[in-house]
Structure formats: C-alpha cells, structure tokens
Amino acid sequence: MAFRAIVLGAAAGGGLPQWNCGCPNCCLARAGKIPSLTQSSLAVSADGQNWAVLNASPDIRMQIAATPQLHPTDLRESPIKSVLVTNGDIDHVAGLLSLREQQPFDLFATGEIHSVLADNPLFAALAADKVPRAQVTLGAAVEIVPGLTAELFPVPGKVPLYLEGETVQTDLEGEQTVGVHLRCDGQDIYYIPGCATVTDRLAKRIKGAAMVFFDGTLWQDDEMVLAGLGSKTGRRMGHISMSGPEGSIAVFETLDIGEKIFVHMNNTNPVLRPDSQERADAQAAGWRIAQDGMEIAL
Ligand code: MLT
Ligand code: MN
Ligand code: ZN
C-alpha cells in the first residue's frame, strides 16, 4: 500500500477559462498559451486499483474520461469506490449528478453537508440503495478505500454561496467546511481545498505532515477587485491568500511539511502563468502548483 493521488481538477469554481471571463489568464487559456484547468477535485488511492474522489466537480465526466486509472474495468464496473465532499459548494457537489447511472459507491460527508444535499431533490438522482450516504463524524476516521482512511476536521470557512443569508460568518468552524486527514501506510496527508485562515490549531494539526494539498484560490486578497471582476475579497469568499504576512506561503514556512501543493486556484491567480514572478516566488518557497492530470505518490 502506498499513497497516490491524481489531481483531476486544479482550478477553483469557474475553471480556467471561466465561461464568462475575459481576464488575462482566461484569454491566455482560450488561446492555448497557458494550460486550461478544470474544477476542484482530487482522486486518491492506496493500492492503485480502488479510488476515492475527493470533491465531485461539475467537470467530473471529462476528468474521468481523461484519467485511465478511473476508466471502467468491466461492463459496469468502476474503480471509483467512493466520493467524499468537503463542503456544499457547487464546484464540489454538482458533479454528483453526473455520477448517477446506477453505479454503486459510498458518499462520505459531514451530517450538515448531507442535509444540504438531502434538501435538494435533484440529488435524489443518486438512488439511496446504490449510493449510501455515509455520515462522517468530525474526528472519526473512516476507510474510504482499502488501505486509506479519512478523518474530517473543521477548518475556518462559510456556508455555500447559495445558502448565504444577509450576514455571513466567513471563519465559521463546524461541519460546513472541512479538511481531510488521510492516512496511508503510516503517512499523514492533508487535503484542504478551502480555508479562510490558518489558525494555531490547524497549524499544529498539519505540522510535519508528509503532504498537504492546500487552498490556492488567490495570490492576494483583493485580486478580483483589482482585476475589475467584482467587489469580493478572498476573505469574504472564505479563502486565505497565498501572499502576504498572514498568507499561506508565510504561515507554512515553519510547518515542516514534506510536499506542499496548491490546489483550487481561481482563474485570476498569477501563479497560473508559467512565467510569472508570483509562480517563481511560490516555487522558491517549496510549493508546487497543481495541474490537471498531475500524479503524486508517496
Ligand atoms: C468557493 O470556493 O468560494 C466557491 O466554490 C465559490 C462558488 O460557489 O462558486
Ligand atoms: Mn470552490
Ligand atoms: Zn478569468
């Protein structure tokens, strides 16, 4: 048993290019000058045969098609044995609808996320007798595929955009936004695609881990405002920035993590341009920038 992961989609919600976006990165991607990216998802396995998909993005159909390890092994047999979602955001759950078709797999999430899904009748397309909804208690490890356990823990975040009320708490810690602590063969791996801030508790938890996949949504907090794309800051969206004194690059500096990989990049993020100074800076600090199809093994 040895941990392996495939980045199915490295972009945040919207992807690169985003359908309605004319920002420089989206234009470069449309012109084929930088790689396009699909939306946030990671496939993980301990044996290379049985796979769990962490977050089901709206692009999952083409992500599976592009990934030979996830192709059917028989008439109606899929190597995907389970799906785990870390929040109720559209980029992480809409792909569940493409996984109907009478295929059995386990669906793991917290109780609160399961109730968000249960409140939406569309998800009844995943018949309960084929796709059992496994409620994961925070802090309790479950085996998601043979040889690989997942423990969910709260990370600062917010409720999904479509459930936001008049006021929104963006550093809520509970069942709405979680990180995943994967254990395989005695190694600790973390998957945290959405995180508003790295609290002391979170820093302590991930310190010394073999590998961390982490929220790489924005380079800087006001990136989308500066790009003229709207008024929302990263903070308001529940996403920490890479740069700055409280950014993830600075905060991770002392955490002694084996492999640091940014995932869930928004299409405005300058690290998505191969020749950018920001990408060089992130790499110099020991980070890898995920790409669709990137395979990583321990
Ligand atoms: C996010 O990560 O902030 C959400 O996916 C945004 C969205 O729902 O589009
Ligand atoms: Mn997202
Ligand atoms: Zn764009």
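Fair warning: this is a prediction, and the values are worked out from it, not measured in the lab. All ligand and atom numbering here is 1-based and tracks the order in the structure.
- The nearest N/O/S atom of D91 to the Mn ion (ligand 2) is OD2.
- Smallest separation of non-hydrogen atoms from N266 and L272: O-CD1, 3.4 Å.
- Following chains of ILVMFWY side-chain contacts shorter than 4.5 Å, one cannot reach V159 starting from L161, and the two form parts of different hydrophobic clusters.
- Of the protein's heavy atoms, D91 OD1, 2.9 Å lies nearest to atom 5 (O) of ligand 1.
- Side-chain contact between F214 and Y191 is absent, with no heavy-atom pair separated by less than 4.5 Å.
- Using a 30° and 60° split on the angle between ring planes, F262 and W287 fall in the parallel class, below 30°.
- Closest protein heavy atom to atom 6 (C) of ligand 1: D89 OD2, 4.5 Å.
- Looking at H264 and the Mn ion (ligand 2) together, the shortest N, O or S contact belongs to NE2.
- Between the Y162 side chain and the I90 main chain, no donor and acceptor come within less than 3.5 Å of each other.
- For atom 3 (O) of ligand 1, the closest heavy atom belonging to the protein is H239 NE2, 2.9 Å.
- In summary, R183 and D188 engage in a salt bridge, as defined by a charged side-chain N under 4.0 Å from a carboxylate O.
- Of all atoms in ligand 1, listed by their number and element, those nearer than 4.0 Å to a heavy atom of H264 are 2 (O).
- Taking atom 7 (C) of ligand 1 as the reference point, the nearest protein heavy-atom neighbour is L161 CD2, 4.2 Å.
- Using a cut-off of 2.8 Å, one finds that C27 contributes no N/O/S atom close to the Zn ion (ligand 3).
- Protein heavy atoms are found inside the 4.0 Å sphere centred on atom 1 (C) of ligand 1.
- With contacts defined as side-chain heavy-atom distances shorter than 4.5 Å, the pair S40/H92 qualifies.
- Backbone or side-chain N, O or S atoms of D89 do not reach the Mn ion (ligand 2) at under 2.8 Å.
- With a cut-off of 2.8 Å, the Zn ion (ligand 3) has an N, O or S atom of N267 in range.
- Between the side chain of S41 and the backbone N or O of A56 there is no donor-acceptor pair closer than 3.5 Å.
- In this structure, H92 has no heavy atom closer than 4.0 Å to ligand 1.
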